[in-house]
2 protein chains.
Amino acid sequence: MDTTQLLKGVLDLACLAALRDEDGYGYDILRRLRTAGLTEVGDASVYGTLRRLFNAGLLTTYVVPSDEGPHRKYYALNPAGRAELQRSGKVWHGFASTMDDLLRERETA
Amino acid sequence: MDTTQLLKGVLDLACLAALRDEDGYGYDILRRLRTAGLTEVGDASVYGTLRRLFNAGLLTTYVVPSDEGPHRKYYALNPAGRAELQRSGKVWHGFASTMDDLLRERETA
DNA sequence: CACACTACTTCGCGATGCGAAGTAGTGTCA
DNA sequence: TGACACTACTTCGCATCGCGAAGTAGTGTG
């Protein structure tokens, strides 16, 4: 029961959320998520997720050369991505509140 | 992004929670979880999870014959199980609130 | 020149939820 | 009697997905 398993299916949502207000490239999103509290997120997971979201048609991408390091592959939410963010945000909240009920439950006679 | 993926790692917790107030057998726990809102939980998943929790030393088990059907394999939380329920409940809450922050985030300047 | 940091990719593994199928016991309904 | 449905559990193999490790490559620092 480490956070690894909890992340399953949620990392998509987390990446979409991290892109809501601003485009970002992989390494940066990794930092955003870790800063936000998902400290144990692996780098390969984030890169993989971004690629998956892109393949699913939820993100657009463009490469920007950097003078202080390798090029950066930026990702941005497209309309489908925003819709999906909305949608899975709701699914998540529903799920989370169901779990909270379960955990709070105590002879609900 | 169906609930299947969200369940990963949480089903353990859900089963432990379902056993908190009362012993139960697989089929019954399946119903408890579905009634609680986890409508899409598969039966094999629950049986498998219970076996896993048992093998992990978190549950005890005993078989009770039934006059209205096949025998029932009851499971009960032991002290280790209760401890684990506490522990992963906290992990879950922490994780959930991190996610909520992420989803709520909006140029937190 | 070794090292560290940034930035991304590829590879294969492991955990876990799931559907499908099978086995069995009971009851219902034609 | 035979078909079916519900209960109750098991086994099997699949698919998803996060991860660590390794590799490549660019930049800057001691």
Side-chain angles (χ1 to χ4, degrees), chain A residues 1-16 18 23-35 38-56 59 61-75 88 91 95 99, chain B residues 1-16 18 23-35 38-56 58-59 61-75 88 91-92 95 99:
Chain A
M1 252 128 307
D2 48 10
T3 21
T4 288
Q5 290 304 320
L6 293 181
L7 270 180
K8 297 262 172 165
V10 178
L11 192 51
D12 288 32
L13 179 54
C15 287
L16 291 175
D23 298 0
Y25 55 97
Y27 199 81
D28 186 38
I29 293 175
L30 179 64
R31 272 188 302 232
R32 292 186 196 173
L33 295 181
R34 286 190 172 154
T35 305
L38 301 178
T39 54
E40 303 178 38
V41 174
D43 57 342
S45 311
V46 171
Y47 288 119
T49 299
L50 289 171
R51 233 174 299 135
R52 204 168 52 242
L53 293 173
F54 173 72
N55 288 331
L59 303 180
T61 186
Y62 51 100
V63 171
V64 175
S66 161
D67 4 337
E68 0 166 290
H71 68 279
R72 293 163 173 174
K73 198 179 204 168
Y74 276 79
Y75 289 96
S88 12
V91 173
F95 181 78
M99 282 301 299
Chain B
M1 254 128 305
D2 48 11
T3 22
T4 288
Q5 289 304 320
L6 292 181
L7 270 179
K8 298 263 175 169
V10 177
L11 192 49
D12 288 33
L13 179 54
C15 286
L16 291 174
D23 297 2
Y25 55 98
Y27 200 79
D28 186 38
I29 293 174
L30 180 63
R31 272 188 302 231
R32 291 186 197 171
L33 295 182
R34 287 192 173 152
T35 304
L38 301 178
T39 55
E40 303 178 37
V41 174
D43 56 342
S45 311
V46 171
Y47 287 120
T49 299
L50 289 171
R51 233 175 298 135
R52 205 168 52 239
L53 293 173
F54 173 72
N55 288 330
L58 304 175
L59 302 180
T61 185
Y62 52 99
V63 171
V64 174
S66 160
D67 3 338
E68 1 166 290
H71 68 279
R72 294 164 173 172
K73 197 179 207 166
Y74 276 80
Y75 289 96
S88 20
V91 173
W92 161 258
F95 181 79
M99 281 302 298

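Numbers restart at 1 for each chain; the letters A, B, ... are given by sequence-line order, proteins then strands. Computed over heavy atoms, backbone and side chain alike; hydrogens, waters and symmetry mates excluded.
Here the rule is side chain to side chain contact (heavy atoms under 4.5 Å, CB included) with B:L33, and of B:L7, B:D28, B:V46 only B:V46 fits it.
Ring pair B:Y62/B:Y74 is parallel by interplanar angle, where below 30° counts as parallel and above 60° as perpendicular.
Taking 4.0 angstrom as the limit, A:R51 places none of its side-chain polar atoms (N or O) nearer than this to OP1 or OP2 of C:dC8. Of the side-chain N and O atoms in B:T49, one or more sit less than 4.0 angstrom from OP1 or OP2 of C:dG17. Between B:R31 and D:dT7, a side-chain N or O to OP1/OP2 separation shorter than 4.0 Å is present. Contact check, B:R52 against C:dG17: a side-chain N or O comes under 4.0 Å of OP1 or OP2.
Protein atom CG of B:L13 is 17 Å distant from nucleotide atom C1' of C:dA15, rounded to whole Å. Atom CG of B:L6 is separated from atom P of C:dT16 by 16 Å (rounded to the nearest Å). To the nearest angstrom, C1' of C:dT28 lies 15 Å from CD of B:E68. Atom pair B:Y27:OH and D:dC9:P shows a separation of 10 Å (rounding to whole Å applied). D:dT7 atom C1' lies 11 Å from atom CG of B:D28, rounded to whole Å. Per the geometry, CG belonging to A:D67 stands 12 Å off C1' belonging to D:dG26, to the nearest Å. Between B:R72 atom CZ and D:dC6 atom C1' there is a gap of 12 Å when expressed in whole angstrom units. The distance from atom CG of A:L50 to atom C1' of C:dT10 is 16 Å, rounded to the nearest whole Å.
Counting only heavy atoms from C-beta on, B:Y47 has its side chain closest to D:dC9 among D:dT16, D:dT7, D:dC9. Nearest to the side-chain atoms of A:L7 among the listed nucleotides D:dC9, D:dT16, D:dG18 stands D:dG18.
Across all their heavy atoms, B:C15 and B:I29 have their closest contact at SG-CG2, 4.5 Å.
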Could you go through nucleotides 19-24 of chain C and list every protein N or O atom that sits under 3.5 Å from one of its N or O atoms, giving the distance for each pair?
none

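Comparing A:K8 and A:K73 by the nucleotide of DNA chain C whose heavy atom lies nearest to each, the residue mapping closer to the 5' end is A:K73.
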- request: Start with the C-alpha gap between B:S45 and B:L11, add the side-chain angles, then the distance that decides, and say whether side chain to side chain contact (heavy atoms under 4.5 Å, CB included) holds.
  value: CA-CA 8 Å; B:S45 311; B:L11 192 49; 3.7 Å; yes

